Peer 1: 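Just passing along the structure, written as C-alpha cells.
Since we're looking at a predicted model, the values are computed, not measured. Note that these values count all heavy atoms, side chains included, but never hydrogens, waters or copies made by symmetry.
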Protein chains: 2
Amino acid sequence: MKIYLAGPDVFLPDAIEVGRRKVAICDRHGIIGLYPLDNSVHLAASDASRQIFHGNEAMMDDAGAIIANLTPFRGPGADAGTVYELGYMAGSGKLCLGYCNDPALYADRARRFTTVTELDGRLVDAEGLTVEDFGLPDNLMMIHALDLHGVPLVLPRERPADVWHDLTAFETCVKLAAARLASES
Amino acid sequence: MKIYLAGPDVFLPDAIEVGRRKVAICDRHGIIGLYPLDNSVHLAASDASRQIFHGNEAMMDDAGAIIANLTPFRGPGADAGTVYELGYMAGSGKLCLGYCNDPALYADRARRFTTVTELDGRLVDAEGLTVEDFGLPDNLMMIHALDLHGVPLVLPRERPADVWHDLTAFETCVKLAAARLASES
C-alpha cells in the first residue's frame, strides 16, 4: 500500500530529512510512503513549478491514500497546497487521513492574526468576514472530508513544543491506515 | 450545465446577495450556478457543519465544473475550504476554473504578513519556512491544477477597488466555461 505524504513539511529548512523520517515510519508499519520531494525536479528550470505539480499528481494517482499534515501554515489554517491535495484524493475516492499539531479551535487561531468580534450573532474578523465558529480546528470542508472519506482528524491533546518535527500524530495516522488496510484485505 | 460556485463569498456580510448576483450572471450565459448557501441548513443544529459539508459535496457531485474564487482570504493565499473544493473537483475529473481579484505574486503577498528574506538562495519567512517563489500568484498546486484540469487562472490586470464585490473576473470565467461547453457539444 502506497500513501501520499502531503504537508508543508516540504517548506522546512530540513525538508528532506523530515521526509526520510516519515518514510521510515511508514516502512515500519508495512506502508510505502510517497514524499513529494522524492520527485527529481531541476529547480532552475523555467517550468520547475509545473514539473513539481506533475510529479506530485503522478504520486497521488499512484497512491491509495493520503496523510495530510494540516498544521496551520502562515495563517490560521492549513497549507493551501496540502488542502488541494486532500481534496484531490477525496475526489479520486482514495482513503483520506490527516493530522494537525495544533489542537486549537479555528476561531481561537484566527484571533492570533486578526481582531475577532461578535456581530449580529456571528463572529467576524477585522474585515467584517465571518469567522467559522463550529467548534472545529479548521475549515469544515477538510474536517468533515476526513470523517466521511477516511479517518477523523488526528490531534494531539496538547500542542507539541516543535510542531514541525514532532511526528507522534503522523505515526498515529500511519497506524490507523495500516489497520484499515489490514481489515479490508 | 451546472457549475459549482466556490469561494469565501459565503463569509461576506452580504453573502446571499453576492450569491444571487453570481447565479444571475451564470443564467445570462446559459449556465446553472450552484451556490453553497442555497443549501438549507439550520445553523443552530448540533450537526450544522456536517449538514453544510454534505450539502456542498452533493452540489459538487451534481455539477460538471467549478468556478473557484481564489482571492486571498485571511492570509497570503486562497481560502482553504475553496481550495479543498477545487481539489475535489479536479480529482473527480470535472472542469476547473478559478479567478483571483488580487494579481500580486505569492511572495509579495506573503510580505504583507511576514518578513521575507533570502537565505541560501531561497526566500524564507520569519519562521524560516520557504516562501514559494515561482512567479505565481498562489501555491503552484492550485495554479497548475487550473492549467491542466481546466482553464488558466483568470486575473484582473489591476486589483479592483472592492475585491469582494467586483465580479468582472468571475464573469470572464463564466464566459470561458460557456465557450468550452459549446465547443464540446
Side-chain angles (χ1 to χ4, degrees), chain A residues 6 8 10-13 15 43 48-50 52-54 56-57 60 70 73-94 110 113-114 119-122 124-125 127-132 134-136 138-145 147-149 164, chain B residues 6 8 10-13 15 43 48-50 52-54 56-57 60 70 73-94 110 113-114 119-122 124-125 127-132 134-136 138-145 147-149 164:
Chain A
V10 297
F11 300 123
L12 291 170
L43 287 176
S49 64
R50 193 177 294 257
I52 294 170
F53 175 86
H54 282 289
N56 291 356
E57 188 169 277
M60 289 195 282
L70 299 174
F73 176 78
R74 204 167 287 151
D79 164 55
T82 304
V83 170
Y84 171 83
E85 294 172 338
L86 178 64
Y88 184 84
M89 293 298 268
S92 303
K94 308 286 180 75
F113 296 89
T114 180
L119 182 74
D120 301 332
R122 65 192 177 101
V124 296
D125 67 11
E127 269 198 275
L129 299 165
T130 301
V131 174
E132 265 194 37
F134 293 114
L136 301 175
D138 209 327
N139 184 289
L140 70 90
M141 291 306 296
M142 287 113 70
I143 302 304
H144 291 312
D147 296 340
L148 184 71
H149 296 290
W164 297 119
Chain B
V10 296
F11 300 124
L12 291 170
L43 286 175
S49 65
R50 194 177 294 258
I52 294 170
F53 175 87
H54 282 290
N56 291 356
E57 189 170 276
M60 289 194 284
L70 299 172
F73 177 77
R74 204 167 286 151
D79 164 54
T82 305
V83 171
Y84 171 83
E85 293 171 338
L86 178 64
Y88 183 84
M89 293 298 270
S92 304
K94 307 287 179 72
F113 295 90
T114 180
L119 181 73
D120 301 332
R122 65 193 178 101
V124 296
D125 67 13
E127 271 198 274
L129 299 164
T130 301
V131 174
E132 265 194 36
F134 292 114
L136 301 175
D138 209 326
N139 185 290
L140 70 91
M141 292 306 297
M142 285 114 69
I143 303 304
H144 292 312
D147 295 339
L148 185 70
H149 297 289
W164 296 120

Peer 1: Here's a test for you: under side-chain contact (heavy atoms from CB on, under 4.5 Å), which of B:Val83, B:Asp79, B:Thr82 qualifies with A:Val83?
Peer 2: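 Exactly one option meets the side-chain contact (heavy atoms from CB on, under 4.5 Å) with A:Val83, and it is B:Val83.
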Peer 1: Are the side chain of A:Arg74 and the backbone of B:Leu129 linked by a donor-acceptor contact shorter than 3.5 Å?
Peer 2: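 Such a contact is found between A:Arg74 side chain and B:Leu129 backbone.
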Peer 1: For A:His144 and B:Arg50, which heavy atoms make the closest approach, and how far apart are they?
Peer 2: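 Looking at all heavy atoms of both residues, the closest pair is NE2-N, 3.4 Å.
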Peer 1: When you compare the side chain of A:Tyr84 with that of B:Asn139, does any pair of heavy atoms fall below 4.5 Å?
Peer 2: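 No, too far: nothing below the 4.5 Å cut-off.
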Peer 1: For B:Met89, is it the side chain, the backbone, both, or neither that has a heavy atom closer than 4.5 Å to a heavy atom of chain A?
Peer 2: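 Contact with chain A involves no heavy atom of B:Met89 at all.
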Peer 1: Of the backbone (N, CA, C, O) and the side chain (C-beta and beyond), which part of A:Ala15 lies under 4.5 Å from a heavy atom of chain B, both, or neither?
Peer 2: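 No part of it gets close to chain B.
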Peer 1: Does any backbone or side-chain atom of B:Asp120 lie under 4.5 Å from a heavy atom of chain A? Answer side chain, backbone, both or neither.
Peer 2: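 Neither; nothing under 4.5 Å.
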Peer 1: For chain B, find which of A:Gly128, A:Ala110, A:Gly77, A:Pro13 contributes the most heavy-atom pairs closer than 4.5 angstrom.
Peer 2: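 Winner by heavy-atom pair count: A:Pro13.
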Peer 1: In the structure I gave you, are the side-chain heavy atoms of B:Ser49 and A:Ile143 within less than 4.5 Å of one another anywhere?
Peer 2: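 They are not in contact (no side-chain heavy atoms under 4.5 Å apart), so the answer is no.
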Peer 1: Among B:Gly135, B:Gly87, B:Pro8, B:Ala80, which residue forms the greatest number of heavy-atom pairs with chain A at distances under 4.5 Å?
Peer 2: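 Result: the option with the highest number of such pairs is B:Gly87.
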Peer 1: Could you grab the distance from atom CZ of A:Phe11 to atom CZ of B:Arg122, nearest 0.5 Å is fine?
Peer 2: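 Nearest 0.5 Å value for the CZ-CZ distance: 11.0 Å.
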Peer 1: Check each atom of A:Val131 against the heavy atoms of chain B and say whether the ones under 4.5 Å are side chain, backbone, both or neither.
Peer 2: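 Answer is both: backbone and side chain atoms of A:Val131 are under 4.5 Å from chain B.
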Peer 1: Please flag which part of A:Leu119 lies under 4.5 Å from any non-hydrogen atom of chain B: side chain, backbone, both or neither.
Peer 2: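 Contact with chain B involves no heavy atom of A:Leu119 at all.
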Peer 1: Pick whichever of B:Trp164, B:Phe134, B:Phe53 has the most heavy-atom pairs under 4.5 Å with chain A.
Peer 2: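 Highest number of heavy-atom pairs under 4.5 Å: B:Phe53.
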